[in-house]
Colleague: 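Below are the C-alpha cells for one structure; questions will follow.
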Amino acid sequence: HVQLVESGGDSVEAGGSLRLSCVVSGYFSKRCMAWFRQAPGKERQGVAAIVTGAHNKYYAGSANGRFTISQDNAKSTIYLQIDSLRPDDTAMYYCAARTDSDCGIWHLVTAGYFRYWGQGTQVTVS
C-alpha cells in the first residue's frame, strides 16, 4: 500500500517561490509520480511528472519553466519547486503515484491515470 503526504504549501506574495514536498511510504523506485493542481471550480490538472529512480521528467506546457520536479531517493520524497509565483498559481496541489513507471503521453494524461493520491497542500498567491 502506498501513502503520499504533501507539505510545503503556504500563502505567499506574487513573485515568491515555494518548494512542495511529497513523502512516499511504500515502494518508491520505478514509479511514475506527479504533481497535479486544482483551483476552485476547475478540473485537476497535471503540472509535472517524474519516474522515480530514473531521469525522466515531464512538464505541462503551461509550466513555462517556473516549475521544477525533482526527487530524493534516500528520503523517498519528490519535490515541486515553483518560482515566480503568480496569483493564478493559487490551487490545492496534489501528489499522485502510479504502480508502474509509465507516465503516458504527459500532456494527455488526466487525474484518472493515477491510482494513489495525497491529501493536498494549499498554495495561495496574492
Side-chain angles (χ1 to χ4, degrees):
H1 183 66
V2 175
Q3 288 188 316
L4 310 175
V5 179
E6 305 99 328
S7 63
D10 203 351
S11 294
V12 298
E13 292 185 351
S17 296
L18 281 175
R19 188 176 79 159
L20 309 182
S21 300
C22 173
V23 178
V24 183
S25 64
Y27 187 68
F28 183 75
S29 184
K30 297 181 182 179
R31 288 186 183 274
C32 176
M33 297 197 62
W35 286 98
F36 281 73
R37 67 181 183 179
Q38 187 168 22
K42 296 188 176 181
E43 291 186 355
R44 195 169 295 189
Q45 295 182 323
V47 176
I50 191 167
V51 178
T52 54
H55 298 290
N56 309 64
K57 298 181 181 181
Y58 310 90
Y59 293 95
S62 59
N64 291 329
R66 297 187 300 113
F67 295 79
T68 304
I69 192 169
S70 62
Q71 60 184 298
D72 185 333
N73 292 333
K75 296 181 178 179
S76 296
T77 300
I78 65 167
Y79 303 98
L80 183 70
Q81 176 75 30
I82 315 173
D83 297 317
S84 302
L85 279 157
R86 307 184 311 211
D88 61 358
D89 292 321
T90 295
M92 185 73 79
Y93 284 72
Y94 296 92
C95 178
R98 283 181 55 84
T99 57
D100 58 28
S101 61
D102 184 5
C103 290
I105 301 173
W106 178 241
H107 69 280
L108 299 178
V109 166
T110 61
Y113 197 68
F114 288 82
R115 178 174 181 178
Y116 299 104
W117 291 87
Q119 82 289 349
T121 187
Q122 178 68 39
V123 172
T124 302
V125 186
S126 60

Colleague: When you group the ILVMFWY residues by side-chain heavy-atom contacts below 4.5 Å and let the links chain together, are Val2 and Ile50 in the same group?
Modeller: yes
Colleague: Quick check against the 3.5 Å criterion: does Arg31 have a side-chain atom that pairs as donor or acceptor with the backbone of Arg98?
Modeller: yes
Colleague: I want to check something: taking the side chain as every heavy atom from C-beta on, are Gln122 and Thr90 in contact at a cut-off of under 4.5 Å?
Modeller: yes
Colleague: Nearest 0.5 Å, what's the CD-CZ distance between Gln81 and Arg19?
Modeller: 7.0 Å
Colleague: Can you see which heavy atom on Ala91 is nearest to which on Ala39, and at what distance?
Modeller: CB-N, 3.8 Å
Colleague: Check the hydrophobic clustering (I, L, V, M, F, W, Y; side-chain heavy atoms under 4.5 Å; chains of links allowed) and say if Trp35 and Val23 are grouped together.
Modeller: no
Colleague: Kindly give the heavy-atom pair with the smallest separation between Leu80 and Val47, and that separation in Å.
Modeller: CD2-CG1, 4.3 Å
Colleague: Is there a path from Leu20 to Val125 through hydrophobic residues (I, L, V, M, F, W, Y) whose side chains come within less than 4.5 Å of each other?
Modeller: yes
Colleague: Distance check, rounded to the nearest 0.5 Å: Ile78 atom CD1 versus Asn73 atom CG?
Modeller: 11.0 Å
Colleague: Roughly how far, to the nearest 0.5 Å, is the OH atom of Tyr58 from the CD1 atom of Ile105?
Modeller: 10.5 Å
Colleague: Any idea which heavy atoms bring Cys95 and Met33 closest together, and the distance?
Modeller: SG-CE, 3.7 Å
Colleague: Quick check: is Tyr79 connected to Trp117 through a chain of hydrophobic side chains (ILVMFWY, heavy atoms under 4.5 Å apart)?
Modeller: no
Colleague: Could you check Tyr93 against Ile82 for side-chain contact (heavy atoms from CB on, under 4.5 Å), going step by step and ending with a plain yes or no?
Modeller: CA-CA 11 Å; Tyr93 284 72; Ile82 315 173; 3.9 Å; yes
Colleague: Quick one: does any side-chain atom of Arg66 pair with a main-chain N or O of Asp83 as donor and acceptor, under 3.5 Å?
Modeller: yes
Colleague: Do other residues, nucleotides or ligands put more than 12 heavy atoms under 6.0 Å from the CZ atom of Arg115?
Modeller: no
Colleague: Per the ring pair (Phe, Tyr, Trp, His ring centres under 6.0 Å) rule, which among Phe67, Phe114, Tyr113 passes with Phe36?
Modeller: Phe114
Colleague: With no hydrogens and no angle check, is any side-chain donor or acceptor of Glu6 less than 3.5 Å from a backbone partner on Gln119?
Modeller: yes
Colleague: Could you check whether any side-chain N or O of Asp100 sits under 3.5 Å from a backbone N or O of Asp102, counting only pairs where one atom can act as donor and the other as acceptor?
Modeller: yes
Colleague: Give a yes or no on whether the backbone of Lys30 and the side-chain of Thr52 come within a donor-acceptor separation of less than 3.5 Å.
Modeller: yes
Colleague: Grab the two heavy atoms, one from Val51 and one from Cys103, that are nearest each other, plus how far apart they are.
Modeller: CG2-SG, 3.9 Å
Colleague: Is there a donor-acceptor contact under 3.5 Å from the side chain of Ser29 to the main chain of Gly53?
Modeller: no
Colleague: Give, for atom OH of Tyr59 and atom CH2 of Trp106, the distance between the pair rounded to the nearest 0.5 Å.
Modeller: 11.0 Å
Colleague: Could you tell me the separation between the SG atom of Cys22 and the NZ atom of Lys75, rounded to the nearest 0.5 Å?
Modeller: 14.0 Å
Colleague: Between OH of Tyr94 and CZ of Arg37, what distance do you get to the nearest 0.5 Å?
Modeller: 13.5 Å
